[in-house]
A.B. asks: 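Dumping the structure here so I can ask a few things about it.
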Amino acid sequence: MGLCLDERAARVDRFRPIEAATVSMFFPDLTSVLTLSDRSGSYFLQLSHPRGEDEGRLLFMAPAPVTLDPETVAGWEMVFRAVTEWAAAHGIRRLVAEVALDERRPALLHRLGFERTRCYTVWSGSALVVEHAFRALAGREPTIYASSWALYRGARGAWVEEIRSMHGDPLWELARTLADLGPRWRHPVYVQVRRETPEVAEALRALGFHPAFILWRVVRWIAVPLRLPSVEEVEAGVSASLAFYFHQGVRLSIRERAMGSG
């Protein structure tokens with residue numbers, strides 16, 4: 001049993017942890033998903049890191065800690081220490097997770113060194129919202145400026161994000177964005193609202209959306225350089241022989257690196 005750490009990927013992408021692991025292992029140039037595991041296979045972590053970007057988006061981790069007591073979380077704390085060391089060496093300056101507000105994930109990520117940076121309301125609607133958008137646009141002249149909404153199209157749905165302040169009528173701008181999905185769109189649509197005003201809420205309801213969940217963006221900042229742990233620190237962990245394998249190369253075990261630095 002694992003935890004999804006990217007709500008957008010889980011809801012709209014054709015994302016399955018095992019499938020992504022297989023593709024990234026044999027075809028690393030076809031996907032930006034990196035799969036990490038220890039030598040024994042006890043820990044399994046996936047993140048997306050497109051080339052040239054300084055942000056890594058966490059996608060999935062397993063197993064999910066049953067509780068958040070120190071002994072249970074200790075293994076994952078060791079994992080993330082190794083991951084942040086690797087991230088610093090590869091130009092990643094922050095690890096990001098975007099999760100729905102629940103009782104487990106935000107609390108666990110906080111224990112693992114993540115800080116909450118933003119909170120959004122996500123509205124959801126069926127494919128009918130696209131039909132409603134076409135009706136709202138009927139007979140209206142197009143505007144010359146770009147929409148303030150960003151559209152992400154996935155295999156199982158669409159994700160719309162408000163990225164800037166409104167230029168005009170929110171209903172008109174949102175309808176134009178949804179119309180880009182085309183009249184044959186047949187999947188759910190989610191709207192991530194950055195600045196929720198009465199006008200924006202009214203536009204969403206007019207198109208058939210309803211508030212679905214609260215989304216938290218949490219970040220673990222990567223400090224450079226990172227200090228390697230001492231042998232004593234490593235041996236104090238749950239497993240002193242964790243070795244992480246990346247499909248773009250093999251990383252030395254934490255213990256080997258720590259002993260080599262002494």
Side-chain angles (χ1 to χ4, degrees), residues 3-13 15 48 50 53 55-59 94-107 109-110 114-138 140 142-183 185-220:
L3 292 177
C4 173
L5 302 177
D6 189 320
E7 205 68 35
R8 185 182 73 182
R11 291 177 184 263
V12 308
D13 284 343
F15 174 76
S48 174
E53 295 191 8
E55 177 177 290
R57 288 177 67 94
L58 299 183
L59 299 175
R94 57 190 176 275
L95 296 174
V96 175
E98 292 190 343
V99 297
L101 178 60
D102 56 34
E103 296 180 356
R104 301 180 66 188
R105 290 177 292 180
L109 291 167
H110 179 71
F114 286 79
E115 302 175 6
R116 188 183 74 172
T117 58
R118 285 187 189 143
C119 185
Y120 306 90
T121 302
V122 177
W123 296 59
S124 67
S126 68
L128 288 175
V129 300
V130 180
E131 295 184 22
H132 296 163
F134 277 101
R135 295 195 192 104
L137 294 174
R140 297 191 63 167
T143 54
I144 60 174
Y145 52 79
S147 173
S148 297
W149 301 82
L151 175 65
Y152 178 87
R153 187 194 312 253
R156 297 188 298 120
W159 190 279
V160 183
E161 180 183 354
E162 181 190 355
I163 59 174
R164 295 183 295 273
S165 59
M166 292 286 106
H167 291 293
D169 181 4
L171 176 60
W172 166 238
E173 294 198 27
L174 182 55
R176 280 200 304 147
T177 300
L178 294 177
D180 287 340
L181 293 171
W185 185 259
R186 295 294 181 268
H187 301 291
V189 180
Y190 301 89
V191 178
Q192 178 182 335
V193 182
R194 181 172 179 177
R195 296 182 58 199
E196 187 166 324
T197 65
E199 293 79 12
V200 169
E202 182 180 348
L204 288 163
R205 288 195 172 92
L207 291 172
F209 288 95
H210 63 273
F213 58 90
I214 301 299
L215 182 72
W216 281 20
R217 176 182 171 90
V218 296
V219 177
R220 177 161 174 167

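All figures in this text were calculated on a predicted structure; none of them were measured in a lab.
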A.B. asks: Charged N to carboxylate O below 4.0 Å: is that the case for Arg217 and Glu55?
C.D. replies: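 Yes, this pair counts.
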
A.B. asks: Assess the residue pair Arg176 and Trp149 against the criterion (side-chain contact (heavy atoms from CB on, under 4.5 Å)); give the C-alpha distance rounded to whole Å, side-chain angles, the decisive distance to 0.1 Å, and a yes or no.
C.D. replies: CA-CA 9 Å; Arg176 280 200 304 147; Trp149 301 82; over 6 Å; no

A.B. asks: Looking at every non-hydrogen atom in both residues, tell me the closest pair between Val99 and Pro106 and how far apart they are.
C.D. replies: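 For Val99 and Pro106, the tightest heavy-atom pair comes out as CG2-CG, 4.2 Å.
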
A.B. asks: Scan Gln192, Glu162, Glu7 and name whichever one has a side chain to side chain contact (heavy atoms under 4.5 Å, CB included) with Tyr120.
C.D. replies: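 Of the listed options, the one satisfying the test is Gln192.
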
A.B. asks: Ring pair (Phe, Tyr, Trp, His ring centres under 6.0 Å) with Phe209: which residues, sequence neighbours excluded?
C.D. replies: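 Not a single residue meets the ring pair (Phe, Tyr, Trp, His ring centres under 6.0 Å) criterion with Phe209.
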
A.B. asks: Within a strict 4.5 Å, meaning less than it, do heavy atoms of the Leu151 and Val160 side chains meet?
C.D. replies: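 A side-chain contact exists here, since the closest heavy-atom pair is under 4.5 Å.
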
A.B. asks: What is the distance from atom CG of Leu178 to atom NE2 of His132, rounded to the nearest 0.5 Å?
C.D. replies: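 Leu178 CG to His132 NE2: 11.0 Å, rounded to 0.5 Å.
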
A.B. asks: Do you know which two heavy atoms are closest between Ala175 and Leu137, and how far apart they sit?
C.D. replies: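 In this case the closest contact between Ala175 and Leu137 is O-CD1, 3.7 Å.
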
A.B. asks: Work out which heavy atom in Phe114 is nearest to a heavy atom in Leu95; give both atom names and the distance.
C.D. replies: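 In this case the closest contact between Phe114 and Leu95 is CE2-O, 3.4 Å.
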
A.B. asks: Looking only at non-hydrogen atoms, find the nearest pair between Gly154 and Asp13 and report the distance.
C.D. replies: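 Nearest pair, atom of Gly154 first, then Asp13: CA-OD1, 4.0 Å.
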
A.B. asks: Rounded to the nearest 0.5 Å, what's the gap from CG on Leu174 to CG on Leu204? Could you check?
C.D. replies: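 Interatomic distance, Leu174 CG to Leu204 CG, rounded to 0.5 Å: 5.5 Å.
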
A.B. asks: Got a sec, which residues hit salt bridge (charged side-chain N to carboxylate O under 4.0 Å, His left out) with Arg57, two or more places apart in sequence or on another chain?
C.D. replies: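 Salt bridge (charged side-chain N to carboxylate O under 4.0 Å, His left out) check on Arg57 returns Asp6, Glu98.
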
A.B. asks: Quick one: do Thr121 and Phe213 satisfy side-chain contact (heavy atoms from CB on, under 4.5 Å)? Show the steps, please.
C.D. replies: CA-CA 6 Å; Thr121 302; Phe213 58 90; over 6 Å; no

A.B. asks: Measuring from atom CZ of Arg116 to atom CG of Leu109, what distance do you get when rounded to the nearest 0.5 angstrom?
C.D. replies: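 Going from CZ on Arg116 over to CG on Leu109, the span is 13.0 Å.
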
A.B. asks: Kindly write out the residues that satisfy ring pair (Phe, Tyr, Trp, His ring centres under 6.0 Å) with Trp216, not counting sequence neighbours, or none if the list is empty.
C.D. replies: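 Ring pair (Phe, Tyr, Trp, His ring centres under 6.0 Å) check on Trp216 returns nothing, list empty.
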
A.B. asks: Got a second to check how far Tyr190's OH is from Leu215's CG, nearest 0.5 Å?
C.D. replies: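 These two atoms lie 12.5 Å from each other.
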
A.B. asks: Enter the distance from Asp169:CG to Glu199:CD here, rounded to the nearest 0.5 Å.
C.D. replies: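 Result: 9.5 Å between the selected atoms.
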
A.B. asks: Could you go through Arg156 and Val12, starting from their C-alpha distance and side-chain angles, then the distance that decides it, and tell me whether this counts as side-chain contact (heavy atoms from CB on, under 4.5 Å)?
C.D. replies: CA-CA 5 Å; Arg156 297 188 298 120; Val12 308; 5.5 Å; no

A.B. asks: Is a donor on one side and an acceptor on the other found under 3.5 Å between the side chain of His210 and the backbone of Ser124?
C.D. replies: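 Judged by distance alone, yes, a pair lies under 3.5 Å.
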
A.B. asks: Can you list the steps and then say if Val191 with Val129 is a side-chain contact (heavy atoms from CB on, under 4.5 Å)?
C.D. replies: CA-CA 11 Å; Val191 178; Val129 300; over 6 Å; no

A.B. asks: Nearest 0.5 Å, please: how far is CG in Asp102 from CD1 in Ile214?
C.D. replies: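 Nearest 0.5 Å value for the CD1-CG distance: 12.5 Å.
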
A.B. asks: Donor-acceptor pair, Trp185 side chain versus His187 backbone, under 3.5 Å?
C.D. replies: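 Yes, the answer is positive, given that a donor and an acceptor are paired below the 3.5 Å cut-off.
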
A.B. asks: Side chains of Val189 and Trp159: does their closest heavy-atom pair fall under 4.5 Å?
C.D. replies: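 Val189 vs Trp159: side chains apart.
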
A.B. asks: Surrounding CD of Glu196 (heavy atoms of other residues, nucleotides or ligands, distance under 6.0 Å), is the total greater than 12?
C.D. replies: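 Result for CD/Glu196: enclosed.
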
A.B. asks: May I ask you to decide if Cys4's main-chain N or O and Arg105's side chain share a donor-acceptor pair within less than 3.5 Å?
C.D. replies: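 Flag set: sc Arg105 to bb Cys4 pair under 3.5 Å.
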
